[in-house]
Each structure stands twice: as structure tokens, then as C-alpha cells.
Amino acid sequence: ISGFTGIRLLATCKQIRDEETEILYGSNEFIFDTCHSGAGEKFQDDPDQVPGARLLDGTLPSQEQIETAIEKLFDRKVRHPKCVWYDRFLRFLAVIGRHNAARLKSVVFSGAFEVASSYSSGWMGFAQLLSVYTVVMSNVCPNLNRITLHKQLGGLIWKIEQPEDEGKTKDERVSEVVEKLVNGLPQLKELHLGSLNVSREYRGRQRHNASGLSRDQSWGTSLKWIEFVEERANLEKTLAEGIAEVEANEEVDHPADKLASTI
């Protein structure tokens, strides 16, 4: 994997590998720019091998089909569809393996919803990609607790992808995308919605300026999902503390029963 230095240490022994990979993947934030990542036609190359992607007939895959696609994603002996190698996030997961993917705790995605034009369907939009990512993360990233979404200005058209999208405003459609992600990842404790402006190239590299790390107002009604995730996490924490307190009281109230059960 490019971008890492000093990871030869991980090959020293199993104990060091386990301890250090927990730090490597669990203590770092991984950023993925989805723009121009995986053109639409590439996702149509064997869509049954893309977890969560709609099938050729437009229907959603069954849970069994999703599980099969995920197994193939991490199987280095099978031929992956082109989109796995064009899409930065899916390729990253395939390379690090399922064991390490389960250690991820924080990821950042940036992308554009408006990617089509009057003469071209464009590349995969942020909405479609997040739908696929949500399915993948819900199945392989149980420890993921923080997600940041940066919205880029596509400057084009957000085409109607499904009949149910007809008549809905852009704000409503964006909110539905975020809602599906939040509901699909109940372990989330933090959600951040920002914007990412890409300026002209500077010395061969695009310059990115992030703003509104926590709650950029351009997300409109989608901002309500930030509070939803926070409230859900606080509720789960309160319930866990309550259960722990009840269990602790039971141990104090019945020491004799506990002692008898061990004899």
C-alpha cells in the first residue's frame, strides 16, 4: 500500500503485527476522493460482484448475493470487476484485506452528486457510490464510528437514477442518501458534513480547500442527521451504563448465590 512508511516492522512477528496494525488502521483517518473514480460503465461490469450495487435488471441484490460479492472482493484468486481497481475505496479494502478493514474507525469521503451532462451520463455520482460503500462498511467495518462527507461542486446535472426520485428536490435526495448511510451504520458515533472546493492545478496537483468540517450549511436538511447520530450514540452509551450498573448491583446483592454456583 502506498503512503505508508516503516511498515516492514509489521513482518517482525505476529504479536507486533497485531498490535501495530490496530494502531495503523484504528488510529488513522483515511481519505478517499471519489470524483472520477469508477465510471458508470465500469460498475456495470459484473455488477453482481459489487456489494450493494443494483443488478442489470435494476433490482437490489439479496443479502446472500451481497455476502457472496463481499467474499469475492477479498478473494485475491478471483477476477475482480474493473470498478474495484478504479474505485479508490474498494481497491483499498481489497488490498488491506478483511481482517484489517475491520479495524478501521474513521474514514472521509468526498464526491459530487452532479456528475452528468446533457450528452453524457458521467461517472458514478456520490449518491450511488455511498449506497455501495454503506453496504460494504456495514458488513466488514464493525468498528467504524466516524464518517466525514465532503460535498464537491459537480457543476453538471444530477440525473434521475430511480423512478421514486422523480419530483424530489436536490435537498430531499441528498438527505435520503445521508439517511440511508446513517441507518445502515448503526455503530456510527460521529457524522461530519463539509464541503470541498477543488481549485486549479498547482504544480501538477489539484489544490483542495475543505470548509465546514462539522456542518457546512450547503448540506441543507441533511444536517439533522448529525444530531441524530449524536443522540443515538448518547442513548446507546446511557443504556450500556445502565445495564452495567444493574449487573454490578446484582453481583453485590447475591454474593452467596454466586459463591455457591462456583462450588
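None of these values were measured; they are calculated from a predicted model.
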From L181 CG over to W225 CH2, what is the distance, rounded to the nearest 0.5 angstrom? 11.0 Å
So if you build clusters from Ile, Leu, Val, Met, Phe, Trp, Tyr with side-chain heavy-atom gaps below 4.5 Å, do W85 and I96 land together? yes
Mind listing the closest non-hydrogen atom pair of S110 and Q152 along with its distance? OG-NE2, 3.2 Å
What orientation do F32 and F89 show, parallel under 30°, tilted 30 to 60°, or perpendicular over 60°? perpendicular
With rounding to the nearest 0.5 Å, note down the distance linking CD1 in I70 to CD in Q63. 7.5 Å
Side chains of D171 and T169, donor plus acceptor under 3.5 Å: no
Between M137 and V107, does a side-chain contact (heavy atoms from CB on, under 4.5 Å) hold up when you go through it step by step? CA-CA 10 Å; M137 292 185 293; V107 294; 4.3 Å; yes
Measure the shortest side-chain to side-chain distance between S175 and K224 over non-hydrogen atoms and say whether it is less than 4.5 angstrom. yes
Do I31 and H150 have side chains that get closer than 4.5 Å, going by heavy atoms? no
Hey, does N183 have a side-chain heavy atom less than 4.5 Å from the side chain of E179? yes
Quick check: closest heavy atoms across S222 and V174, and the distance to 0.1 Å? OG-CG1, 3.4 Å
Shortest non-hydrogen pair, K189 vs V229, comes out as C-CG1, 3.6 Å
Would you find more than 12 non-hydrogen atoms of other residues, nucleotides or ligands less than 6.0 Å from E241 atom CD? yes
What about V108 and V182, same hydrophobic cluster or not, with Ile/Leu/Val/Met/Phe/Trp/Tyr joined at side-chain heavy-atom distances under 4.5 Å? no
Check step by step if side-chain hydrogen bond (donor to acceptor under 3.5 Å, both in side chains) holds for Y25 and N143. CA-CA 11 Å; Y25 296 107; N143 294 308; over 6 Å; no
Looking at every non-hydrogen atom in both residues, tell me the closest pair between L93 and A101 and how far apart they are. CD2-CB, 3.9 Å
Using a distance-only test with no angle check, is there a side-chain donor-acceptor pair under 3.5 angstrom linking H99 and R103? yes
P51 to V136 - nearest heavy-atom pair and separation: CB-CG2, 3.7 Å
What is the distance from atom CD of Q187 to atom SG of C141, rounded to the nearest 0.5 Å? 8.0 Å
Checking H80 side chain against K72 main chain: does a donor-acceptor pair fall under 3.5 Å? yes
Residue pair I226, W219: steps toward the side-chain contact (heavy atoms from CB on, under 4.5 Å) verdict: CA-CA 11 Å; I226 295 177; W219 284 88; over 6 Å; no
Would you find a donor on one side and an acceptor on the other, under 3.5 Å apart, between the side chain of R98 and the backbone of V140? no
Minimum heavy-atom separation for G52 and L60, please, with both atom names. O-CD2, 4.5 Å
Sub-3.5 Å donor-acceptor pair from the side chain of S138 to the main-chain atoms of V135, do we have one? yes
Taking the side chain as every heavy atom from C-beta outward, state whether F126 and V177 have any atom pair closer than 4.5 Å. no
